[in-house]
Every structure is written in structure tokens, then in C-alpha cells.
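Here is the structure we will look at.
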Number of protein chains: 4
Amino acid sequence: MVARRRIRREDDGPVSEVRTQLVDVAIQLFARHSYDNTSVQNLCEAAGVTKGAFYYYFESKEAVVAEIYRRMFRLQQAQLEEIASSDAGVLERLRAIGKGVVTSSIARLDEAIVFWRSLPSLSEETQHDIRAERRKYHLRLRELIEQGQAEGVIRTDLTADMLINFFYGAVHQLDAWYHPEGPITVEQVGDFYAELFLSTLTSPSPRLPAQQ
Amino acid sequence: MVARRRIRREDDGPVSEVRTQLVDVAIQLFARHSYDNTSVQNLCEAAGVTKGAFYYYFESKEAVVAEIYRRMFRLQQAQLEEIASSDAGVLERLRAIGKGVVTSSIARLDEAIVFWRSLPSLSEETQHDIRAERRKYHLRLRELIEQGQAEGVIRTDLTADMLINFFYGAVHQLDAWYHPEGPITVEQVGDFYAELFLSTLTSPSPRLPAQQ
Amino acid sequence: MVARRRIRREDDGPVSEVRTQLVDVAIQLFARHSYDNTSVQNLCEAAGVTKGAFYYYFESKEAVVAEIYRRMFRLQQAQLEEIASSDAGVLERLRAIGKGVVTSSIARLDEAIVFWRSLPSLSEETQHDIRAERRKYHLRLRELIEQGQAEGVIRTDLTADMLINFFYGAVHQLDAWYHPEGPITVEQVGDFYAELFLSTLTSPSPRLPAQQ
Amino acid sequence: MVARRRIRREDDGPVSEVRTQLVDVAIQLFARHSYDNTSVQNLCEAAGVTKGAFYYYFESKEAVVAEIYRRMFRLQQAQLEEIASSDAGVLERLRAIGKGVVTSSIARLDEAIVFWRSLPSLSEETQHDIRAERRKYHLRLRELIEQGQAEGVIRTDLTADMLINFFYGAVHQLDAWYHPEGPITVEQVGDFYAELFLSTLTSPSPRLPAQQ
DNA sequence: TATGAATGAGCTTTCATTCAT
DNA sequence: AATGAATGAAAGCTCATTCAT
């Protein structure tokens, strides 16, 4: 037996149609019923494969979700990097980032839901890895905002961290109300949320009489 | 026999120290490890009672979480109503509501986390009830914002629904970053988030050169 | 403390309205859902009493069913004795017994069902007692049939035991088809079954040509 | 890959030695201690397998009993059809059917007991299915008896239904007295019960003097 | 590449019963 | 005469995972 039987992409295990199929149904089922409420059995039935096959392709149930995370990180970090390093103005770049994260999350809403919600069910180790990855994203974004603050185009009465957490909180709850079949288009949500992001970055709210 | 030994509060079943204790540990464990990853066994061990005792007080595991939801709804709706019906200006009232929901959520962060995260694991029926309750809250808040829009103090380029969803999204993710032991006080977070809420309500962001 | 607080009837524990009520609902529920599928809880809810009350009146769940058995035995043995010791002809007496057991079973069908079906769930000891009681009944009836056989009015190609078992088998399955609300009256079923009983006692069936 | 390793027989799930073994011990234990008083654990211990294995082969405890019912129905309906459609005289056929059902029930007495006694513990749905199946059997038999009545060889003072219920009642209580180790052979019981069946079909009992 | 079979721990829930008051 | 609280065992069932083939 000479040839390698497994083609590995990073540390993701063998690649094949079956594997792809399993990840696809996992995204759907994890999004709809949550990671915990989806059994490996459910996955296999939906994908039309046996449990044996599942465990040939994945080390564990968690490995599937880890892969989904990895994909999303790659995507989002690439998107962030591309925009952040462009030569547009800081605010312009931040608007584009805000819109981009919204539209790309909605475009792959199931994946995004898994990305936003599965954390508490994973092992300590995996959670740690994911948080580290998130921090990277956060830090890159923070740089940009702090640059804007230094340039005087972004408010300084609030920390960059606070501004980021606020916006990304809103984004990570998009699934609570957005329905792809509804009247609002992906583009619109992207524009609206980006607009709101910018509002939070630039505008100290009007002082209320009572507080003056 | 003079006094009834059991006091029932609405439909919540018998009240007693053990019951209270069980709800308390449930709040902690559900918040820390999620509803799904906390077994009735875990609850009982943490509360120091037997499973039989648990099922003496609660119909099911879900009944505990339902009770937590009920409590939170009562609290939040009371808070909303109190502020919304005051005679301050609309913006002032909205700032107070924004601050209130943040500070009261943080003050009882574990309860809030359960409130924000347990939905997908509950029965269809319970989910339906909870969504109905949330809708009530949303509608009351919408009235207020639409009043502000009519008065010309709140932007009209975005719907009230969008503004609400954005802010409450951010709030429902507070647990992603806020740590009670950190340097930021509850008061501060409340003020900051309320400030950001107001920013989203009042300020159309500056038009960027490229988009003019 | 001088006066006896409990009035006991045989070994049945204290008598009271509550007790009677409990036995009544037990008859209904055991008949409808079987002894095993009825919990003490079910009984208490249906009777509107607490479990504590139940265990004040009965030693155990089995004690309730034991009481139902005792009642039925008393009734059936009295009925048998009364008819069997009359001075009518043997066949006449057997017809009356057959009709009597059918009509009185149907008149209290729920009790009869419990009587016919609960045996396998009871303790060895109780089962033993009940079988002994049944044997008494069986033996008394056998005497009568054997008298008929000696007199030449009952067939002798089959044992009295066989004839009894056959008829009582049929009777103990009455609940499989008889509905009190149906078009057939209790009287009619009694007459029909007695008629069939008599047919089995008296008539060697016609020899079939093939067997001659 | 050439041959399929799993052979499915209708909708009964995978076939294997373990599965067969489980059904066999279920027949024994359900017959001896009733369906309700036999736990899945009991079954597994008796069969020497783990509960996991049990649930690999069966969807539920009820599925086992459903399978036992299916088997029995197949057997009995085949037997009935074979005899009913022969060209012997009606009475001769009925005698054969009566004997057949008795001997085959006794030959597989445990299975028969499960068949006769488990109904009340099953789900509404399963009960409904089983009753439908029983009705089919009943109707086929009724045809035959009504033919006999039309031909004048079976009494008409009682309905075919009544005659069937009486006989099958007796048969379904065979286990109340018959012991395979006793002195009476299966053949004999079959002949005796068939003889009694015929007696009920053909003989109006002698009018008693008092009733003439 | 995959499968069918199996494990063993754990799940939520129900049960008959007890007992201090 | 009766209650509310609690127990501890057992119920039916599901789970992620393993492994010989």
C-alpha cells in the first residue's frame, strides 16, 4: 500500500463529497436546532450516510463545528483585511466593513448562526481557540477605529472596544429578526446596519435639556 | 387549620426554600453551561436535593426555565411601562429605557443570559409563548419611537423596528464581553449603551465624500 | 386517648367516604387503563385527595385491588351458593348460574374487569390467595356439574373442569366486545350466554360424515 | 460488495441472532410477567445484551410487542384462510378452525398470551391497528358462520357475532388453566374445544320444564 | 471507504412509599 | 384524619463513540 488514501486540507481530515455533504447538513441542522439538539444520528440520516462514515471523516461531532468555525474565520478575516488595508478614509472603510459583515453573514445565515451560537457547547480547548481567533479580528478592527479617533473623525468619549462590542452584538443577533424571505433585501440590511454603525462612531447624541 | 402552608404565585407551583434554591442554581448553571448542557442531576447536586424533590417542585426541566422567563418578563415589562409612561421627553425616556435594560440585565446577568439563550431548546409551545411576550415588549417600545419620529426628534430614514432590533441585539450580547469584575461599572455600561442607542436614533451619519 | 378512631371491616382498614371514593375511582381507572398503568398519583388526583390520605386508608396500592377482589368474591360466591343450593333441577340451576355471573359481571363491568385482569401484577402472595378463592368457586360449581353428569343430564365425554373452563373463559372476555351502550341488553347477554353454556353441557355435536 | 448483510422482513427492522434472541426472551417474559412488568432492562439481562443493543434493533419496547402481534396475525390469518376456503362442509371447516386455533395457540402459548393480554398497555395507534387486524379475522369467520346459518346447519337464534365472541373468549383464556406439562395433550384440548364450539353452533339447549 | 453492531454512560421522568407534623 | 415534603430506585430511551471487518 503505497499511495496516500487521504487528502487533507489543513487539519480537516479527508475531503470528499460525503464530507462536504455532512458539513452542509450540519450547518443546516445546527442552525435550526442548535448544536446540542442535533445528534450525530440526525446528521447522518439527513446526509444519508452511516455513522461509521461520519467517524471516518470526522474525529468527533465537535470537529464538524470546528471546521465550520475555521471556514467562517478565514472568510471574515480575509474580508476585514481586504477592506481595512484599502486606502479609503477610515469612516469609509468602517462603513464597508460593517456592511460587509452583515451581508456576508446573511448570505450564509445558517453558517453564521452556528458561528454565533455553538460556543458554550464546545470543549474548553476549542472555546479557547475560537476566542483567540475572535480576538485577532477584534484587534485588527480596533486599530482602525483608534486610527479614526486619532484622526478626529471618530468620537473619543467611548472606547474603541465599546464601539466594536456594541456593533458586533447587534450583528450577532441578526438571526433574531431577519428572514431572508421578508421584504428587506440583504443589501438594505447591510446599508442600514452600516449606517447605524457609523452613527454610533461619529455622533455624540444631543444633550438632553435635563442633563445640561 | 388557619393559614395555607403553600403560597402559589400565579402558576408557578409551590414556593419553598428548596424551590427557590433550585431556581437559583438553575440560573447559575444554565447561564454558565447552557440549558442543554445542564442536567437535572447537575441541578440537584448543586442544590443538594434529590431528583425526586426536584420533580416535586417542578413539572419538568423546562418548567424551571419557563419560570425564569416569567420573572424576567414581569421585571422588564414593568420597567418599560414605568419609564415609557412618564412625562419626560421621548428621547429622555428612550435613554432611560436603554440604560435601564442594560443595568438591570447586568445586575442579574445570569438570569439575563438564560433569558437570551435558552429559547432554541424549549418546546414549540413554550417558544411560542415567549415570542408573544417579547413581541408585546417590542410593540410598546415601537410606539414610543414612532412618537419620536412623528415629533421629528428621531430619524425617519430607518424604521422603528430596525432601530429596536439593532439596540436590543447589542444588549442581548452583553455577556459576550462584559465581566462584572472588570474595571467598567454597571452604571457606565448603562450610560454608554444608552448613549449609543441615542446616537443611532438621532444621527444620520455624515455622508462620506465617495457617496455624495 | 380512649376511643378507637378506626372502624375496621374485616381487614380492610378504616372506612370513610374518602376510602369509598378511592376504591370507586380505582375501579374505574384500573379497568380503563389497567392496574399497572394507573399510578397512586392518578388515583389521588381523580379522587381529589392527597397521597398521604391514600396511605392512611390503604397499606399499599395492592391493598386496593385486594379489596376489590374480596368484594367480588363475596358477591359471586354468595350468588353461586344461593342458586346452587336451591332445589331446582341441575340444568336449571346451571342456567341460572350462567346467566347470573354474566349479568352481575356486566352490571359492574369495571369491577369485573379489574377482577379478571389484575392478577399478573400482584405479589406472589396475593396471587396465591386469589387463586385459592377461585378454586373454591370452581370446586363448588364442579360438584354441581358432576351431579348432573351422574344424573345423566350432562354429557360425560368431557370433564366438568373442561366445561367450566370453557364457559368461564368466555365470560371473562365479555369486556372484549360488550358495550353497555350498545343495542344488546344485559338480560339478553345473560340469556344468550346461559343458553350457550347449556349447549356445551348437554349436546354432543352432530358427528360429521367424515368422522363417522 | 455482493450480498446485503441485512435482510429486512417487511417493516420489522434488521434481522440477526441478537434480534431473534431478544424477541424470544420478550415472548417468555411478557407472557410470564406481563408487558408492563417486564422492563427493557429485564429483557436485556435475559438476552445477555446491553440496552444500547436493544435499541439498535428496536425503536421502542412497544416495537417488540408489535412484532409479536404481526407474526401471530400472519399465522392465524393464513390458517383461517386455508381452512375456510377448503371445500369441506361448513361445520367441518368450523371444527377444523376451532381446533386449529386452539392447538396453534397452545403450541406457542407464550406468544399467544402476549397476543391476548398486551393490548391495554400499547399506544392508541398500535391498539387501533391491532383491533383492525382482529376485525378482519372476525369478519372472515362470520362469513362462514352466516353461510352455515343460511344452509340451515347452524342455529339462528343467536347471531354469528355472539357465537364467535363466545368461542374466542374461551380460547383467549386457555392460559388460565392449561399447563403444557399436564396430562391433557394439545390434540385433546383442540378436539374438546372444537367439540364445544360445534355444540354451541348447532344445539339449542333442551328446554327446561319450568320454561316450557 | 465504509458498514453494522455494540457499548456504557447518561438523559428526563415516574414510581410506590415514608414520615414528621 | 390528613398533609406536604422527600426519597431512592427504576423506568424507557438517546448519546457520542468504537471497532472488527
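The chains referred to below are lettered A, B, ... by the order of the sequence lines, with proteins before strands, and numbering in each begins at 1.
- In this structure, B/Y55 places its OH atom 3 Å from P of E/dT13, rounding to the nearest Å.
- The aromatic rings of B/F73 and B/F115 stand perpendicular to each other, their planes meeting at an angle above 60°, with 30° marking the opposite boundary.
- Looking at A/S121 and B/D36, their side chains never bring a donor and an acceptor atom within 3.5 Å of each other.
- Between the C1' atom of F/dC19 and the CZ atom of A/F54 lies a distance of 17 Å, rounded to the nearest Å.
- Just one of B/T20, B/V25, B/I27 meets the side-chain contact (heavy atoms from CB on, under 4.5 Å) condition when paired with B/V23; it is B/I27.
- In terms of the side-chain hydrogen bond (donor to acceptor under 3.5 Å, both in side chains) criterion, B/T38 has no residue partners (sequence neighbours excluded).
- The aromatic rings of C/Y35 and C/F30 sit perpendicular, their planes meeting at an angle over 60°, well past the 30° parallel limit.
- For C/Y57, a side-chain nitrogen or oxygen approaches OP1 or OP2 of F/dA2 to under 4.0 Å.
- A heavy atom closer than 4.0 Å to some atom of DNA chain F occurs in B/T50, B/G52, B/A53, these being the qualifying members of residues 36-53 of chain B.
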message: Between A/T50 and A/C44, does the side-chain contact (heavy atoms from CB on, under 4.5 Å) criterion hold? Intermediate values first, please.
response: CA-CA 6 Å; A/T50 61; A/C44 293; over 6 Å; no

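- With pairs defined as Watson-Crick or G-U wobble and both atom distances under 3.5 Å, the stems of at least three pairs that touch DNA chain F come out as E:2-21 with F:2-21.
- Between the CD atom of B/E62 and the C1' atom of E/dT13 there is a distance of 14 Å, rounded to whole Å.
- With no hydrogens or angles considered, no side-chain donor-acceptor pair links C/T126 and C/D129 at under 3.5 Å.
- D/Y56 has no side-chain polar atom (N or O) that falls below the 4.0 Å cut-off from OP1 or OP2 of E/dA6.
- Each of B/E59 and C/E59 was matched to the nucleotide of DNA chain E holding its nearest heavy atom; the match closer to the 5' end belongs to B/E59.
- No hydrogens or angles considered: a donor-acceptor pair under 3.5 Å links the side chains of B/N42 and B/S39.
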query: Can you list the steps and then say if A/R131 with A/L119 is a side-chain contact (heavy atoms from CB on, under 4.5 Å)?
result: CA-CA 9 Å; A/R131 285 208 196 88; A/L119 207 56; 4.1 Å; yes

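- With DNA chain E read from its 5' end, the first of the two nearest nucleotides for A/V18 and C/Y35 is the one closest to A/V18.
- In this structure, CD of A/Q21 is placed 13 Å from P of E/dA2, rounded to the nearest angstrom.
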